[in-house]
Amino acid sequence: MKIAVFASGNGSNFEVIAQAVAAGQIEAELTLLFCDNPKAFVLNRGEKHDVKTLCFSPKDFNNKTEYEKELTKIMLEHQIDLIVLAGYMRIIGPTLLDAFPNRIINIHPSLLPSFPGLHGIKDAYDYGVKITGITIHYIDAGVDTGPIIAQAATPILPEDTLESLEEKIHQLEHHWYPKVLADITRKKESDRK
Ligand code: GRF
């Protein structure tokens with residue numbers, strides 16, 4: 001089972017995934033890191049973990065379709081089984097989606113379908129909900145929609161600030177994303193046999 005992680009920023013989720021692969025908790029090969037932002041810190045993490053890394057953005061292409069065609073070609077060349085989005089800040093278009101049906105997974109920092117979009121943590125905090133959390137789901141053509149694989153919740157306490165809530169959400173992500181990926185890769189592998 002070969003995994004590619006797509007990330008655009010800090011890459012703390014990439015970090016825990018790389019650690020879980022190295023520890024044998026996720027029984028898969030971390031074949032590729034793809035990053036669309038040449039300044040992202042995740043690139044340092046990729047180098048540290050010695051993961052083959054590719055970096056380019058839609059700006060380097062005539063349009064998004066051409067960008068995704070190139071990405072799809074690379075994924076197929078590397079025989080990638082599963083694409084794991086970890087803070088990848090772009091919407092996946094039909095080119096990639098059609099090539100990897102049910103094989104692109106995302107993590108979102110709210111309890112979907114509440115608070116989709118770019119600011120899931122802040123939107124939940126500002127709304128004043130008393131419980132929020134994380135959602136791990138397959139990608140479909142919508143924004144933060146698609147079949148839900150797992151969710152985990154945390155209360156928002158009166159003493160919480162946006163910063164403390166962000167910290168709690170990241171802790172949930174770092175705990176659950178590797179575990180869920182371990183389950184999925186195991187299941188997809190046994191389905192193939
Ligand atoms: C995470 O909160 C994830 O839920 C969201 O983007 C953030 C990425 O964080 N999709 P990091 O780059 O993995 O540290």
Side-chain angles (χ1 to χ4, degrees), residues 3-23 25-26 28 30 32-49 51 53-55 57 71 82-93 96-97 100 103-127 129 131-156 160-182 184:
I3 295 180
V5 174
F6 285 19
S8 305
N10 175 24
S12 65
N13 282 284
F14 168 79
E15 182 79 36
V16 291
I17 292 166
Q19 285 169 2
V21 169
Q25 183 196 350
I26 297 174
L30 184 43
L32 274 181
L33 166 64
F34 172 69
C35 179
D36 60 336
N37 169 11
K39 295 190 179 138
F41 185 68
V42 71
L43 293 170
N44 300 41
R45 299 184 192 265
E47 202 178 330
K48 185 181 83 182
H49 286 281
V51 175
T53 300
L54 297 169
C55 184
S57 94
L71 261 179
L82 192 68
I83 296 175
V84 174
L85 308 182
Y88 179 65
M89 303 308 278
R90 294 183 192 278
I91 292 164
I92 300 286
L96 255 174
L97 206 50
F100 288 87
R103 291 194 291 149
I104 309 179
I105 291 174
N106 184 42
I107 188 162
H108 181 79
S110 77
L111 292 174
L112 292 172
S114 294
F115 310 114
L118 284 179
H119 308 290
I121 305 175
K122 184 172 189 304
D123 290 346
Y125 183 80
D126 288 347
Y127 195 95
V129 292
I131 295 174
T132 186
I134 61 158
T135 303
I136 297 166
H137 64 103
Y138 287 107
I139 287 288
D140 69 7
V143 177
D144 297 325
T145 56
I148 289 176
I149 302 164
Q151 291 186 303
T154 182
I156 302 180
D160 269 322
T161 60
L162 178 57
E163 289 69 35
S164 70
L165 180 60
E166 281 170 350
E167 181 56 34
K168 284 203 241 184
I169 293 290
H170 291 314
Q171 278 178 13
L172 278 183
E173 292 184 331
H174 300 161
H175 179 77
W176 286 107
Y177 213 6
K179 279 191 195 305
V180 169
L181 291 172
I184 288 169

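Side chains included, hydrogens not; waters and symmetry mates left out as well; all remaining heavy atoms used. In listed order, ligands and their atoms are each counted from 1.
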Give a yes/no on ligand 1: does A7 have at least one heavy atom closer than 4.0 angstrom to it? no
Does the Y125 side chain pair with the main chain of I156, one donor and one acceptor, at a distance under 3.5 Å? no
Sorted by chain and residue number, the side chain to side chain donor-acceptor pair (under 3.5 Å) partners of T145 (sequence neighbours excluded) come out as D140
What protein heavy atom sits nearest atom 14 (O) of ligand 1, and how far off is it? S12 OG, 2.5 Å
Could you identify the single nearest non-hydrogen protein atom to atom 9 (O) of ligand 1 and state the distance to 0.1 Å? N13 ND2, 3.7 Å
When every non-hydrogen atom of I107 is compared with those of Y177, the smallest separation belongs to CG2-CE2, 3.4 Å
Any chance the side chains of H170 and S12 put a donor and an acceptor closer than 3.5 Å? no
Using a 4.0 Å cutoff against the non-hydrogen atoms of N10, which atoms of ligand 1 qualify? 12 (O), 14 (O)
Run the side chain to side chain donor-acceptor pair (under 3.5 Å) test against K179 and tell me which residues pass, sequence neighbours left out. none
Can S8 and D36 be counted as having a side-chain donor-acceptor contact under 3.5 angstrom? yes
From the options N10, V51, L33, select the one residue that forms a side chain to side chain contact (heavy atoms under 4.5 Å, CB included) with R45. N10
Give the residue and atom name of whichever protein heavy atom lies nearest to atom 10 (N) of ligand 1, and the separation in Å to one decimal. I107 O, 3.1 Å
One finds that the ligand 1 atoms under 4.0 Å from a non-hydrogen atom of G87 are 6 (O), 8 (C), 10 (N)
Nearest protein heavy atom with distance in Å, relative to atom 12 (O) of ligand 1: G11 N, 2.7 Å
Atoms of ligand 1 less than 4.0 Å from H170 heavy atoms? 2 (O)
Under 4.0 Å from any heavy atom of E173, which atoms of ligand 1 are there? 1 (C), 2 (O), 3 (C), 4 (O)
